[in-house]
Every structure is written in structure tokens, then in C-alpha cells.
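Heads up, the thing below is written out as C-alpha cells.
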Number of protein chains: 2
Amino acid sequence: MSPLPRGKAPQMAIRRLSMYYRTLASLREQGVENVSSEHLSELTGSTAAQVRRDLAYFGSFGRRGVGYEVRTLQAHMREILGIGQGWPMALVGVGNLGSALLAYDGFPRQGFRIVEAFDSDPRRVGTVVRDVVVKPMDQLRDTIQARKIAMALVAVPAKAAQGVTQQLIDAGVRCLLNFAPISLKVPPDVYLASVDLSIEVEYLSYLLRESVAVNADSGPELTGLGNTVPG
Amino acid sequence: MSPLPRGKAPQMAIRRLSMYYRTLASLREQGVENVSSEHLSELTGSTAAQVRRDLAYFGSFGRRGVGYEVRTLQAHMREILGIGQGWPMALVGVGNLGSALLAYDGFPRQGFRIVEAFDSDPRRVGTVVRDVVVKPMDQLRDTIQARKIAMALVAVPAKAAQGVTQQLIDAGVRCLLNFAPISLKVPPDVYLASVDLSIEVEYLSYLLRESVAVNADSGPELTGLGNTVPG
DNA sequence: TTTGCCACGTGAAACATATCACAAGCACTT
DNA sequence: AAGTGCTTGTGATATGTTTCACGTGGCAAA
Ligand SMILES: NC(=O)c1ccc[n+]([C@@H]2O[C@H](COP(=O)([O-])OP(=O)(O)OC[C@H]3O[C@@H](n4cnc5c(N)ncnc54)[C@H](O)[C@@H]3O)[C@@H](O)[C@H]2O)c1
Ligand SMILES: NC(=O)c1ccc[n+]([C@@H]2O[C@H](COP(=O)([O-])OP(=O)(O)OC[C@H]3O[C@@H](n4cnc5c(N)ncnc54)[C@H](O)[C@@H]3O)[C@@H](O)[C@H]2O)c1
């Protein structure tokens, strides 16, 4: 019961669950009560078989011949993803990006909230952004331990990112979302996700260049590999 | 130049090339002239075999028994990824995130530049952010066509994102980097990448919850999967 | 030249993920 | 009660990616 009953799901399946979750929330707002794997796949850009397989990693939530009840399937997704626990998050680096992250309403909407922010710049410290007071770095450890914060966002310059990461880990943070363009080193019991815009943009650049090369070189065939799955 | 001679590379291999590229740039700044697949793998968090395989999709750039010359390998990465063409980019949505993106120095450093910005809010239009004048949406099509812009960043609210995307595609844009939490629909000849913070954060949340479940395997942990929480 | 060592490049094996195809199950009708 | 139509859940299959292991070529020193 407690731990995810079936075989371990691929990373990409988990990410798709997030999309299903959000789509289900949207459907519910529209008053839709039932949805099929076919319908869900159209809304999320997946395939029906993929949707069913993704869900099957965690249980069987539908009824044959009918589909899935939006309400209960959403509840299951929330449970699996750990949403609704209202995870408190810490932010380090309240610059251009950090300020935008503090203003991002997508976090609270999904049950996550930035409750503490830190910066090394004395001019930033003490300022209030979105009801959050920016604290100096020397308060990071105690604050995070006191509030039992397990998740943190790193939005400092690349050269400062590894140091900040170590401070966060020492303070007890278990999950990191890094925005600095650098590959952070973390111990195996700390989970790391990165948002790296250079990688995204250069991947698009590659695809564009490739499609030009293919079109110019041989056949008129354009690369059918259209969409990039988020990740 | 090189018409990508070998079999097609996995998506993830391309993304790793971006990391290799950035690492090589860093090595070069440090005056390092040669690097082995082993060394490169340590710096990027990959494996030596993975590095060699990734590179092998595009050619053989090293010398056996020696390794790779940093300078030339970097040049090859730049060629493959299409960096250095100085791709001009357009930004739509100059809000919290859009303003941060305009200020992001990682783009110009990697050879990409936001040269045009658009917003539907009359109060934003006309303002200047980082030498870029914010233009109204009705100038989007002509501006993008005139400047032959092929890549665009979408930083508008989710409900406006699909409409903006269509306008961009109609104007001739071939590559889109989307920040709105929604799965955009694009034709197969348009390339799409997405940065979706909810997916990242929920993935971390999943890992954290999973690790807790595993560690507390015997315990009568709360979370029962059958427990449907009303939203 | 020969010897010894090194690290690349690459087939082949192992592993992971996605897709197919259909039996099983449910709702509804007759 | 049996029939019809529909959709799930899942073995089996196909496809894709990573890892292994070693032949190959290259450098340096004796
Ligand atoms: N601006 C963007 O849109 C954007 C997009 C993607 C990634 N990033 C990355 O995010 C990071 C921040 O970008 P930004 O544009 O907000 O830069 P910024 O310079 O505006 O902000 C960085 C902030 O970090 C603080 N800081 C610096 N060193 C610190 C330290 N050791 N400890 C704590 N705080 C420290 C600075 O005082 C500053 O407030 C960079 O790594 C950047 O590459 C930025
Ligand atoms: N703020 C963040 O840190 C953050 C992070 C990740 C993703 N996002 C996403 O990025 C998008 C923008 O976020 P934000 O925080 O900057 O919001 P914001 O409200 O500050 O900015 C949105 C901007 O888009 C403009 N806009 C609205 N409709 C438009 C239209 N039809 N055409 C052109 N412009 C239009 C608005 O005038 C505004 O300037 C949202 O989808 C958000 O979910 C934001």
C-alpha cells in the first residue's frame, strides 16, 4: 500500500504524470467528469498506449469500457507526485531570475511555495519580494533546519552555484532545482534537477541546422522528428 | 560544412554535447589544451564511454592514445550545434520572466541574442529593456519576417501561449522555446522545446516522497493510495 | 626499430523504453 | 441472459540507448 506497488517507472513517465495531472485539473475546471486514455493523450501530446502504460506503473485507476474518472485520477496523480503536502521551498539568489521565481504563481498553484529567500548581496538583504524577506546567507543553515525545508532553488551565478549547493545540502536540503549553467556535484542521496537554457536553445539550434542540411543535401524528405518532449 | 555523416544521435546525446561544449570553453579559459574522454566525463557528470559514443555520432575528433584537443573539439561542437551563427531570437511576453530572460547573459555568451521583444500590454509597449524596445503584437509578423528570425521564446501566460505560438509560426519562426505550463501543439516542421518548472519540481517531489516511502518501509506511513482527497 | 603504454572508436551485449495488439471487463440494450 | 460496443490493463514485441570490452592507431622512450 504505502510504497508504489509496481515496477519502477522511467523518469520520463514521471514527468508525463505531471502533465496528466495538470491536464486533469484543467478538465475538472471545465466540468469534465470522465476521460479516456485516448482523450488524455490528445491533450498532452502523448499516445493512448503511453498514457495507459504510464498509469499502469502505479496501479489501475480506470474502468474498462468507460475510462478514468477525472476527479479520482487527479487525486491519484497528486498522491504519487507528492503534491498537496504543500512543500515549502527555499530560494538562493534573488536577482533577475530569482525575483521572477518568487513572483511565479505556478508554484503555489501546484502546491509548492517559496517561503524563504537568501542572497549574499547586502543591498538585497532585507528587501521584501512577494511577502518573503530576503535573508543573508549566514542565516541559511538555521532557517532551513528550523523550517525543515527539503527543497531549494538555486538561482545564483554559475561560479557561486556549487558553493551554495553545498551550504544547502549541509543545512539538510534533499532536493535541488538548479538554474545556473553548470553541472553540479551532489551526493547520491540528494536529488538534483536542472533547468539549463543553453542546452534547450542549442538543441533547437541543432535541429534547425540539421533540417537545413538535410533539405539542402539529399531528398526533399523533412525530418519527421517534430516535437521535443519537455525535459 | 559537415553534413552530419553518421547515424542519427539520440536527443539526450545532443543535450550532452551542449554540456561538453560549455565545459570545453571553461577548460580553454583555464589554458588546458588537451582532454581525455575520462576527464571530460568527470567534469560533466557523464561516463567516458558515453562521451566517446556521443562524439562518435558525428565523427572522430580525437587521437588514439592522446585524447582530444580542446580547441578543435570545441570548434566541432560549435559546428554541430549551430552555435556561432549568432542566431537572433524574438521574445514574446515581457513580464517577470521575460524581463529576466532579456537580462540573461548566458544567451549572448553562447551566441544567441534576443533582438526583438513583443507584448500585448500597452503599458509595456515602448519600454526599453536591455537595449531592446518592446513592440506591440501587431508588429510581430512583419518584424520577424523582415529580420528573418527563426527562433522565439514564449513567456506569456498559459492561456495566451497557443495563440502566440500560432502567430509566431505564421510569421515564419521554426524553433520555439516555451515557458508556459501547457503542452503546445505545433506542426511537425516546427521544433519545440519546453521549460516546465512544475514538471521539474514535481519530479523532485516524487523522488523525495519515494525515498521516504522506501526508508520507512515497515512503518505505518500515512499516505494510502486509496485515500481520495477533494481538491 | 622495438617496446610499452595509452586512450580512442566501435561492434556487440545488455539494458531501458515505447508500441502493438488483444483478452478481460464494464455499461447498456434487447 | 445474452449481445454489442467500447476502453482498460498488460503480455509480447519492437525500438532505442547505454555500457562493455577490445582492436586500433598513435606517442614516447630506450
Ligand atoms: N536571468 C535569466 O533569465 C536566467 C535564465 C536561466 C538561468 N539563469 C541563471 O540563473 C542564475 C541567476 O541569474 P540572474 O540573471 O538572476 O543573475 P543576477 O546577477 O541578476 O542574480 C544573481 C543573484 O545571486 C546573488 N549571489 C551571487 N553570489 C551569491 C552567493 N555566493 N550566495 C548567495 N547569493 C549570491 C547576487 O547577489 C544576485 O542577487 C545565473 O546562474 C544565470 O546563469 C538566469
Ligand atoms: N515568473 C517565473 O519565474 C516563471 C517561471 C516559469 C514559467 N513561467 C511562465 O512564463 C509565463 C510568464 O510568466 P510571468 O511570471 O513573466 O508572467 P507575467 O504576467 O509577469 O508576464 C506575462 C506577460 O505576457 C504579456 N501577455 C499576456 N498575454 C499576451 C498575449 N496574448 N500576447 C503577448 N503578450 C501577452 C503580459 O502583458 C505580460 O507582460 C507564464 O506562462 C508563466 O507560467 C514563469
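Chain identifiers are assigned alphabetically (A, B, ...) following the order of the sequence lines, protein sequences preceding nucleic acid strands; residue numbering begins at 1 within each chain. Worth saying up front: this structure is predicted, and the values here are computed from it rather than measured.
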Inset, instruction - Please report, rounded to the nearest Å, how far the C1' atom of D/dT18 is from the CE atom of B/M12. - result: 13 Å

Inset, instruction - Hey, could you give me the CZ/CZ distance between B/R53 and B/R16, rounded to the nearest 0.5 Å? - result: 11.5 Å

Inset, instruction - For DNA chain D, determine which residues of residues 37-53 of chain B have any heavy atom closer than 4.0 angstrom to one of its atoms, and list them numerically. - result: B/T47, B/Q50, B/R52, B/R53

Legend entry - Nearest-angstrom distance from the residue atom CZ of B/R15 to P of D/dT18: 12 Å

Legend entry - Intra- and inter-strand pairs of DNA chain D in dot-bracket (Watson-Crick or G-U wobble, both distances under 3.5 Å; | for another strand): ||||||||||||||||||||||||||||||

Inset, instruction - Verify, without hydrogens or angle tests, whether A/Q110 (side chain) and B/E202 (backbone) share a donor-acceptor contact under 3.5 angstrom. - result: no

Inset, instruction - Sort out for me which residue in A/L197, A/D196, A/L101 forms a side-chain contact (heavy atoms from CB on, under 4.5 Å) with A/F179. - result: A/L101

Inset, instruction - Say whether, by atom type as modelled, one donor and one acceptor occur between the side chain of B/R209 and the main chain of A/E79 under 3.5 angstrom. - result: yes

Legend entry - A/R64 side-chain N/O to D/dT10 phosphate OP1/OP2 under 4.0 Å: no

Legend entry - Length of the NZ-P vector between A/K8 and C/dA16, whole Å: 7 Å

Inset, instruction - Using a strict 4.0 Å threshold on nitrogen-to-oxygen distance, state whether A/E33 and A/R28 make a salt bridge. - result: no

Inset, instruction - Could you check how far CZ of B/R63 sits from P of C/dC6, rounded to whole Å? - result: 17 Å

Legend entry - N/O (side chain, B/S60) to phosphate O (OP1/OP2, C/dC8) under 4.0 Å: no

Legend entry - Nearest atoms (heavy-atom pairs only) where A/I80 meets B/Y206: O-CD1, 3.4 Å

Inset, instruction - Write down the distance between CD1 (B/I14) and P (D/dT17), rounded to a whole number of angstrom. - result: 10 Å

Legend entry - Lys/Arg N to Asp/Glu carboxylate O, B/E200 vs A/R15, below 4.0 Å: yes

Legend entry - Side-chain donor/acceptor of A/S205 to backbone N/O of A/V201, under 3.5 Å: no

Inset, instruction - Can you tell me the distance, in whole Å, between the CG atom of B/N34 and the P atom of D/dA28? - result: 11 Å

Legend entry - Residue list, ring pair (Phe, Tyr, Trp, His ring centres under 6.0 Å) with B/F107, at least two apart or on another chain: B/Y104

Legend entry - Most 5' of A/D54 and B/S36 on DNA chain C, judged by nearest nucleotide: B/S36

Inset, instruction - Please state how far atom CG in B/L73 lies from atom P in C/dC8, giving the value in whole angstrom units. - result: 10 Å

Legend entry - Protein-nucleotide distance (B/E69, atom CD; C/dA7, atom C1'), rounded to Å: 16 Å

Inset, instruction - Respond yes when some side-chain nitrogen or oxygen of A/Y68 is under 4.0 Å from OP1 or OP2 of D/dG9, and no when none is. - result: yes

